[in-house]
Each structure stands twice: as structure tokens, then as C-alpha cells.
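Notes follow once the structure below has been shown.
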Amino acid sequence: MHINPYGEYAVKLGIDLLNTPPTSATELSKRCVDAGLVPDWTATEVDLADTLDFLGQWARVVDADTENERAQALNVLLARAAAYPRLTDHAGDGWHMHYRDPDIALGGVIRALVSVGTALHLTGRGMSRLSRCAAADCSLAFADTSRTGTQRYCGTVCSNRDAVRRHRARAAS
């Protein structure tokens, strides 16, 4: 059974690239392969520029204040990434869905993959499941993949550091 690749891992790729933007086409390519993309492209500086531009637009989805604003911002990205859904077996590992045209550059692949993955993540888990870390000294984005949907921090380091701060503030008062 194939799990839909446009869900959680696509959002996590977007988060990774947003939190630590790649600085070269080679780095972009390596990080995409490390995230599980099948390399049927050669990354270029144009792909890097397209990806960085997309990430700036995608940050508006992450930072939206309301569900409606988030949906509107994401719909703009989905419209730019729109293509007919199609079956593919490009890697010889079984048939699966792609929501992008064949033979597009890596920048377009990232736009389609992260946009559709974000839409599936938010509609499947909840529109509030994309945010910035609640720690006062951190602005990293995260996708809430917890069972309860109550994640407030980008990771355990920020969560623990904030808990210690709150404990010390209570103890001091």
C-alpha cells in the first residue's frame, strides 16, 4: 500500500526549507533527495530562486491569523501549482498519484508538492496545524503532527526551555 506522499512529508519538507533556506542549488537538491523526492531533475540556480520565492509566499500560509486567511493564501499557491492529477510509476516502485505536470523543474515540483501537501495536511488534521513556535525567543515554523493537535513548540528543546522559564517565574513570585 502506498501512503499519499503529498501529506506529512511534503509539509515537513516545506518547514525544513522555510526554517533553514538553502543557499545553493546543490544544497536544495540534496535536501530534496534526503526528504524522499525521486531525483528526475537537475537543480539549477533558477530552481533555487523559484523555491525561495515560493517559500516567502508559503510563509503567509504559516503565519495566517485565521482559517479563512490561511485558506485564501493557500488557494493562491494551489492555483499556481495546478495541474491535472495523474498516475505515475516513474521510479518503478508502483503506481501513485502526482499533482503536477510531468517534466517540470525542481522549483515547480516543490511548489506543487508543498502546496498540495499543505492542503491535505490542513484539511485532514485541522486548519490550525501549521504555526510558529510559541517560545518567545524562537520563530521557527512547525507542522503539528501530534495525535492531540495541541503542539505549540517547534520541538522539545523550546518546549522544555519555556517550561523551565515558566517554573522559575512561578517560583520567584
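Side-chain atoms are counted along with the backbone in the values below, which use heavy atoms only and exclude waters and symmetry mates. All residue numbers refer to positions in the sequence shown, counting from 1. Because the structure is a prediction, the values reported are computed rather than measured.
Counting heavy atoms from C-beta outward, Ile15 and Leu140 have side chains that stay 4.5 Å or more apart. Inter-residue side-chain proximity for Ser139 and Asn19 is flagged as unmet; no heavy-atom pair is nearer than 4.5 Å. The shortest side-chain heavy-atom distance between Arg152 and Ser131 does not fall under the 4.5 Å cut-off. With a 4.5 Å cut-off on side-chain heavy atoms, Cys138 and Tyr153 do not count as touching. Side-chain contact between Leu28 and Leu17: present, with at least one pair of heavy atoms (C-beta onward) separated by less than 4.5 Å. Counting heavy atoms from C-beta outward, His121 and Thr145 have side chains that approach closer than 4.5 Å.
Leu120 and Phe142 end up in different hydrophobic clusters when Ile, Leu, Val, Met, Phe, Trp and Tyr side chains are linked at under 4.5 Å. Using a 4.5 Å cut-off between side-chain heavy atoms of Ile, Leu, Val, Met, Phe, Trp and Tyr, with links allowed through other members, Val116 and Leu113 fall into the same hydrophobic cluster. In terms of hydrophobic clustering, with Ile, Leu, Val, Met, Phe, Trp and Tyr side chains grouped at heavy-atom distances under 4.5 Å, Val114 and Val33 are assigned to a common cluster. In the hydrophobic cluster analysis, where Ile, Leu, Val, Met, Phe, Trp and Tyr join through side-chain heavy atoms closer than 4.5 angstrom, Val46 is grouped apart from Trp41.
Asp53 and Gln57 share a donor-acceptor pair across their side chains, judged by distance under 3.5 Å alone.
Asp144 places a side-chain N or O within 3.5 Å of a backbone atom of Gln151 that can act as its donor or acceptor partner. Looking at Arg70, its side chain does come within 3.5 Å of a backbone N or O of Met127 through a donor-acceptor pair. No donor-acceptor distance shorter than 3.5 angstrom exists from the side chain of Asp16 to the backbone of Lys12, with no hydrogens or angles considered. Judged by distance alone, with hydrogens and angles left aside, the side-chain atoms of Ser173 form a donor-acceptor pair with the main-chain N or O of Arg170 at under 3.5 Å. Looking only at distances, no side-chain donor or acceptor of Ser29 sits under 3.5 Å from a matching main-chain atom of Ala25. Under a 3.5 Å cut-off, the side chain of Arg161 and the backbone N or O of Ala135 do not form any donor-acceptor pair.
Between Asp34 and Arg31 there is no salt bridge, since no side-chain N of the basic residue sits under 4.0 Å from a carboxylate O of the acidic one.
Atom CH2 in Trp58 sits 4.5 Å away from atom OG1 in Thr118 (nearest 0.5 Å). Note that the CD atom of Glu69 and the CG atom of Asp65 stand 5.0 Å from one another [nearest 0.5 Å]. Taken to the nearest 0.5 Å, the OG1 atom of Thr44 stands 7.5 Å off from the CG atom of Asp50.
The minimum heavy-atom distance linking Leu13 with Ala35 is given by the pair CD1-CB, 3.8 Å. The two residues Leu78 and Ala119 come nearest to each other via the heavy atoms CD1-CB, 4.0 Å. Residues Cys133 and Cys158 come closest through the heavy atom pair SG-CB, 3.7 Å. Here the closest heavy-atom approach between residue Leu74 and residue Ser115 is recorded as CD1-O, 3.7 Å. In plain terms, the two heavy atoms of Gly107 and Asp47 that are nearest each other are N-OD1, 3.1 Å. In terms of heavy atoms, Val62 sits closest to Ala141 at CG1-CB, 3.9 Å.
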Steps toward side-chain contact (heavy atoms from CB on, under 4.5 Å) verdict (Tyr9, Leu37)
CA-CA 10 Å; Tyr9 107 91; Leu37 271 70; 3.6 Å; yes
Walk me through it: do Arg125 and Val11 pass the test side-chain contact (heavy atoms from CB on, under 4.5 Å)?
CA-CA 12 Å; Arg125 290 183 179 256; Val11 175; over 6 Å; no
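With a 6.0 Å radius and a threshold of 12 heavy atoms from other residues, nucleotides or ligands, Asp137 has its CG atom above the threshold. Residue Arg147 qualifies as open at atom CZ: its count of foreign heavy atoms under 6.0 Å is 12 or below.
Here Arg132 pairs with Asp63 under the salt bridge (Lys or Arg N to Asp or Glu O under 4.0 Å) rule; sequence neighbours left out.
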